[in-house]
Amino acid sequence: MPKLIPKNFYNRPTLQVAQDLLGCFLVRKINGEIVRAMIVETEGYFGYKDKASHASRGKTDRNEPMFWEGGITYVYLVYGMHSLLNIVTEKENYPAAVLIRAVDFNWEEFSSNDKKGNGPGKLTKILEIDRTLNKQKIYNKKNNLWLEESIRDIKKNEIVKTKRVGIDYAGEYRDKPWRFYLADNKNVSKK
DNA sequence: TTCGCGATGGCCT
DNA sequence: GGCCATCGCGAAA
């Protein structure tokens with residue numbers, strides 16, 4: 001049986017959590033049906049100085065969940081149309097989260113082009129994740145959204161580290177290698 | 001194959 | 001009023 005990831009998993013350094021989440025399963029229950037999606041790409045955002053992070057200008061109504069303790073969701077809208085899913089990490093009052101950028105549904109039904117989870121805005125659409133799921137606990141199953149441990153060991157050399165996507169404005173933080181993905185997976189959002 | 005761009009709305013200055 | 005942690009389309013090549 002797959003194991004639910006415990007709360008204390010998230011209360012650790014963001015970049016560690018971002019890498020450990022690769023190979024784990026994002027599980028969503030929709031109308032009583034369970035859909036499992038393996039996480040294949042993540043990005044870390046943390047601290048006050050990183051201009052790419054929403055928290056770089058202090059706490060606001062939007063980014064407030066980033067300041068909560070690890071293990072809850074931070075869902076927000078970009079470009080007026082896409083909901084992006086983040087998992088909050090680290091301790092309370094320190095702003096940090098991991099963006100889930102791509103998932104893989106080992107599932108025939110999800111093999112058509114518009115049902116691949118190969119982008120942060122696409123996987124949320126397929127899994128019906130929107131801002132109503134903001135600020136929810138993901139270490140229990142009550143909100144019909146949770147995370148399960150990987151069913152195999154992910155080796156260090158399977159993880160590719162590179163710069164994050166879509167944040168060219170972030171100055172010295174633009175090129176930080178805080179994006180991680182599984183090297184052999186075809187569902188990552190960009191090369 | 002890659003590139004250019006429009007859609008679309010909330011958030012921050 | 002400007003700016004996005006994006007996507008999919010159609011044109012060019």
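Because only heavy atoms are used, hydrogens play no part in the values below, and waters and symmetry mates are left out as well, while side chains stay in. Proteins come first, then strands; the chains are lettered A, B, ... in the order of their sequence lines, and each starts at number 1.
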As a test of reading the structure: which of [options] is closest to the side chain of [X], going by heavy atoms?
X: Arg57(A); options: dG10(B), dT13(B), dC4(C); answer: dT13(B)
X: His82(A); options: dG10(B), dC7(C), dA5(C); answer: dC7(C)
X: Lys122(A); options: dA5(C), dG8(C), dG9(B); answer: dG8(C)

Query raised in the report: Does Lys135(A) pair with Glu64(A) as a salt bridge, N-O distance under 4.0 Å?
Result: yes
Requested in this report: Could you tell me whether Lys176(A) and Asp50(A) make a salt bridge, using a distance below 4.0 angstrom between a side-chain N and a carboxylate O?
Outcome: no
Report task. Indicate yes or no for a side-chain donor-acceptor contact from Thr124(A) to the backbone of Ser83(A) under 3.5 Å, with no hydrogens or angles considered. Result -> yes
Which part of the nucleic acid does [X] contact within heavy-atom distance under 4.0 Å: base, sugar-phosphate only, or nothing?
X: Arg131(A); answer: sugar-phosphate
X: Thr60(A); answer: sugar-phosphate
X: Gly121(A); answer: sugar-phosphate
X: Asp61(A); answer: nothing
X: Arg164(A); answer: nothing
X: Ile167(A); answer: sugar-phosphate

**Report entry** Worked check of side-chain hydrogen bond (donor to acceptor under 3.5 Å, both in side chains) between Lys122(A) and Asn118(A)
**Finding:** CA-CA 7 Å; Lys122(A) 289 165 78 173; Asn118(A) 59 352; 2.7 Å; yes
Report summary line: Any strand, both distances under 3.5 Å, Watson-Crick or G-U wobble: dT6(C) pairs with dA7(B)
Please give, in whole Å, the distance from [N] [atom2] to [X] [atom1]?
X: Lys125(A); N: dA7(B); atom1: NZ; atom2: P; answer: 17 Å
X: Glu41(A); N: dA5(C); atom1: CD; atom2: C1'; answer: 11 Å
X: Leu123(A); N: dG8(C); atom1: CG; atom2: P; answer: 12 Å
X: Met81(A); N: dG8(C); atom1: CE; atom2: C1'; answer: 10 Å
X: Ile100(A); N: dT6(C); atom1: CD1; atom2: C1'; answer: 16 Å
X: Asp130(A); N: dG9(B); atom1: CG; atom2: P; answer: 14 Å
X: Leu77(A); N: dC7(C); atom1: CG; atom2: P; answer: 13 Å
X: Asn86(A); N: dT6(C); atom1: CG; atom2: P; answer: 11 Å

Query raised in the report: Is the shortest side-chain N/O distance from Arg101(A) to OP1 or OP2 of dT6(C) below 4.0 Å?
Result: yes
Query raised in the report: When you look at NZ of Lys91(A), are more than 12 heavy atoms from neighbouring residues, nucleotides or ligands closer to it than 6.0 Å?
Result: no
Query raised in the report: Relative to each other, are the rings of Tyr76(A) and His54(A) parallel, tilted or perpendicular (30° and 60° limits)?
Result: perpendicular
Query raised in the report: Under 3.5 Å, is there an N or O donor on one side and an acceptor on the other linking the side chain of Tyr79(A) and the base of dA7(B)?
Result: no
Query raised in the report: Does Tyr45(A) stack onto the base of dA5(C), taking stacking as ring centres under 5.5 Å apart and planes under 30° apart?
Result: yes
Report task. Determine the interatomic distance between C1' on dG10(B) and the same-named atom on dG8(C); round to the nearest Å. Result -> 22 Å
